[in-house]
Amino acid sequence: MVKTRFAPSPTGYLHIGGARTALFNWLFARHMKGSFVLRIEDTDLERSKDEYVKDIIDGLTWLGIDWDEPPYFQRERMDIYRNYALNLIEKGFAYRCYCTQEEIDRKRKVALKEGKKPHYDRTCRERPFEKTDKPFVIRFKTPLTGEVTFSDIVRGTITFQCEELDDLIILRSDLTPTYNFTVVIDDMLMGITHVIRGDDHINNTPRQILIYHAFGYAPPQFAHVPLIHGKDRTRLSKRHGATSLLEYKHEGFLPEALMNYLSRLGWAHGDQEIFSREELIEKFDLHNVGTSAAIFDMDKLLWLNSHYMKTLPPEVIAQRLVPFIEAMGFSCNETKKLISIVETLKARAKTLKEMAQMAAFFFSAPVSYEKEAQEKFLTPETKTILKDFLIEFKSLSSLHEEEQKRLVERLTHKYNKKVVEIVQPIRVALSGKTVTPGIFEVINILGREEVEKRIEKAIQSIP
RNA sequence: GGUCCCAUCGUCUAGUGGUUAAGGACACUGGCCUCUCACGCCAGAAACACGAGUUCAAAUCUCGUUGGGACUACCA
């Protein structure tokens, strides 16, 4: 059975790139009816933070990614790694190295200067065991010759010469294990069948394969997916805008849109652009994953988001809109009204945040009018029209669109004006703005009483 | 520097040697619709990095060049 994992290190927020890697792992597992696990690689005691663990878990959850076993924390498994490292020494695949860091740094600088590889010179590799209190690290005994080849699912065959590889440290002097060792131990112990990760790990793969060999264990399948780059075509990092995936949530993006967008970054299914979660699971395939890095495109994300704003049930959008409305200091306990607002705004707002801003005037009367709107549409001339409108509006038997339309038409004839010249003053009076949803919809949502109040107020504001 | 990876419109991509004057989508431009703004609809501009080779035939295969990226830690 297929088993995949997402193995982030909590040394930073879950960003778009990590989320995409997680998504691919999750989609592949779900597609293959296998399982997916989350493993927090927090062996870097210095830089790992609980705050980031929370961000990762919350971010994935928001996206709609779930895992089949409780999350693993490498920090809780230190003994396991130590034992396996010791075991490797016994088997002759690793050795204690007593060289000091200063020594090694010095030698590396010299080697670099002479144009040689900055590798550890393997001083301790064949040193006979001696009892000493000196601190040591454990290094893996990389074969001096030969090559390592593996078949990557997305890239095909990749080969490395062993002589290019270093005797990497697998256990630090403080007895904590290093990345290239823990991944192998955990992937092995957890029975991971497919390792799907960013292509920044291609260079690590041969080292890891060698460790698998040392344990006599067949390596999993590897699938290295291209990285996501920022506009400057370098690896995505903090300086490319939104740091955390949750930042997108706070900016009013829908998880459906993010998932759809992320899935299409490096993967395609013919010409299809819109995928539901179920469709993604059904159609996702590692063989259709591309090989070149993609640049994050906010415009396309916005387009997808606006698509889901329009197509998700209004009740769902309304529910998700609530926190944004409340953040502006309004309370929205009238569900029916809120849904009407969503209906009228869903084709106009690209994000929930934007929708909330557009909806503000439904919750409180304008305290002031946009300057230009006021100058242009709240004039002595339109004052007359507004007064007339108010009288007729009060006598309307219902707020049906047809009836409102007739009212406006009567006014256009009476004053010999275009529709827009009648509607805009009303719009400004009701919203303070020149841009709103259709005027009849606005009137309907506001309701008789509120409309009358606001028109009245506008009339009074005109000298 | 060394090793490895990558290269189709501005961006995401379809394309797996042959009706492809290279298709779709976002963005962009123009038009239609229209009470403002959106939405929607129609149209348009826009790409196979370069050079050899293989082949009857190459965006597709090979090599080289150029360009970009990643890795090269007692980070992951």
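Lettering of chains follows the sequences in order, A, B, ..., and the numbering in each one begins at 1. As the structure is a computational prediction, the values presented were derived from the model and not from experiment. Heavy-atom basis, side chains included; hydrogens, waters and symmetry copies ignored.
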Nucleotide of G1(B), C4(B), C37(B) approaching Arg348(A) most closely (side-chain heavy atoms): C37(B)
Could you work out the separation of U62(B) and G17(B) based on their C1' atoms and round it to a whole Å? 14 Å
If I pick the P atom on A52(B) and the same atom on A59(B), what distance separates them, to the nearest angstrom? 14 Å
Which heavy atom of Leu168(A) sits nearest to which heavy atom of Arg207(A), and what is that distance? CD1-CD, 4.1 Å
Sugar-phosphate, base or nothing in reach of Leu171(A), heavy atoms under 4.0 Å: nothing
Just the rounded figure in Å: distance from C1' of A27(B) to CE of Met298(A). 14 Å
Please state the P separation for the pair A14(B) and A25(B) - nearest whole angstrom. 15 Å
Using atom names, set out every protein N or O paired with an N or O of nucleotides 13-15 of chain B below 3.5 Å, distance rounded to 0.1 Å.
{"from": "U13(B)", "atom 1": "OP1", "to": "Gly266(A)", "atom 2": "N", "distance (Å)": "2.3"}

Starting at CD1 of Ile56(A) and ending at P of A76(B), how long is that distance when rounded to a whole Å? 14 Å
Do any side-chain nitrogens or oxygens of Thr291(A) fall under 4.0 Å of OP1 or OP2 in A7(B)? yes
Quick one: look up who A25(B) pairs with, Watson-Crick or G-U, both distances under 3.5 Å, and put none if it's unpaired. U11(B)
Using Watson-Crick geometry (N1-N3 plus N6-O4 or O6-N4) or G-U wobble (N1-O2, O6-N3), each under 3.5 Å, U62(B) is paired with A52(B)
Euclidean distance, atom CZ of residue Phe160(A) to atom C1' of C4(B) [Å, nearest integer]: 5 Å
Of the options G69(B), A76(B), C4(B), whose atoms approach the side-chain atoms of Asn180(A) most closely? A76(B)
Presence of Thr43(A) side-chain N/O under 4.0 Å of A76(B) phosphate oxygens OP1/OP2: yes
Confirm from the modelled atom types if Gln272(A) and G24(B) form a donor-acceptor pair under 3.5 Å, side chain to base only. no
Take the protein atom NZ of Lys117(A) and the nucleotide atom C1' of C71(B), then report the distance between them rounded to whole Å. 14 Å
Between the base of A76(B) and the side chain of Asp200(A), is there a donor-acceptor distance below 3.5 Å? no
I want to confirm an ordering. Mapping His201(A) and Asp297(A) to their closest nucleotides on RNA chain B, which one lands closer to the 5' end? Asp297(A)
Does G1(B) have OP1 or OP2 sitting under 4.0 Å from an N or O in the side chain of Lys116(A)? no
Nearest-Å distance once atom P is located in both A43(B) and C6(B): 38 Å
Spacing of the C1' atoms in C50(B) and A7(B) (rounded, Å): 11 Å
Show the numbers, then the answer: is there a ring-ring contact (aromatic ring centres under 6.0 Å, His included) between Tyr308(A) and Trp303(A)? CA-CA 9 Å; Tyr308(A) 285 103; Trp303(A) 172 72; 9.1 Å; no
Out of A70(B), C37(B), A27(B), whichever nucleotide has its closest atom nearest the side chain of Trp303(A): A27(B)
Taking a pair to mean Watson-Crick or G-U wobble geometry with both distances below 3.5 Å, G1(B) pairs with U72(B)
Mind checking the P distance from C61(B) to C42(B)? Whole angstroms is fine. 35 Å
Relative to the 5' end of RNA chain B, which residue comes earlier, Ile104(A) or Arg155(A), by the nucleotide with the nearest heavy atom? Arg155(A)
Exactly one candidate in Gln101(A), Glu103(A), Glu102(A) meets side-chain contact (heavy atoms from CB on, under 4.5 Å) with Asp105(A); the answer is Gln101(A)
Do the side chain of Thr344(A) and the main chain of Ser340(A) share a donor and acceptor less than 3.5 angstrom apart? no
For a quick test of reading the model: is some side-chain N or O of Arg197(A) closer than 4.0 Å to OP1 or OP2 of A76(B)? no
Across every strand shown, the nucleotide meeting Watson-Crick or G-U wobble geometry with C32(B) (both distances under 3.5 Å) is G40(B)
Measure the distance from CD on Glu164(A) to P on G1(B) and round it to the nearest whole Å. 15 Å
Tell me the interatomic distance from Phe389(A), atom CZ, to C35(B), atom P, rounded to whole angstroms. 16 Å
Strictly below 4.0 Å: does Arg108(A) bring a side-chain N or O up to OP1 or OP2 of A73(B)? yes
Go through C35(B), C71(B), C26(B) for me and flag the one nearest to the Asp299(A) side chain. C26(B)
Under the side chain to side chain donor-acceptor pair (under 3.5 Å) criterion, do His224(A) and Arg197(A) qualify, and how do the steps go? CA-CA 5 Å; His224(A) 288 99; Arg197(A) 58 181 16 168; 3.2 Å; yes
Do any of residues 433-446 of chain A sit with a heavy atom less than 4.0 Å from RNA chain B, and if so which? Thr434(A), Val435(A), Thr436(A), Pro437(A), Gly438(A), Ile439(A), Phe440(A)
If you measure from the P atom in A45(B) to the same atom in G23(B), how many Å do you get, rounded? 11 Å
How long is the line joining CD1 of Ile153(A) and P of U16(B), in whole Å? 22 Å
Check the distance between U36(B)'s P and Glu372(A)'s CD and give it to me in whole angstrom. 18 Å
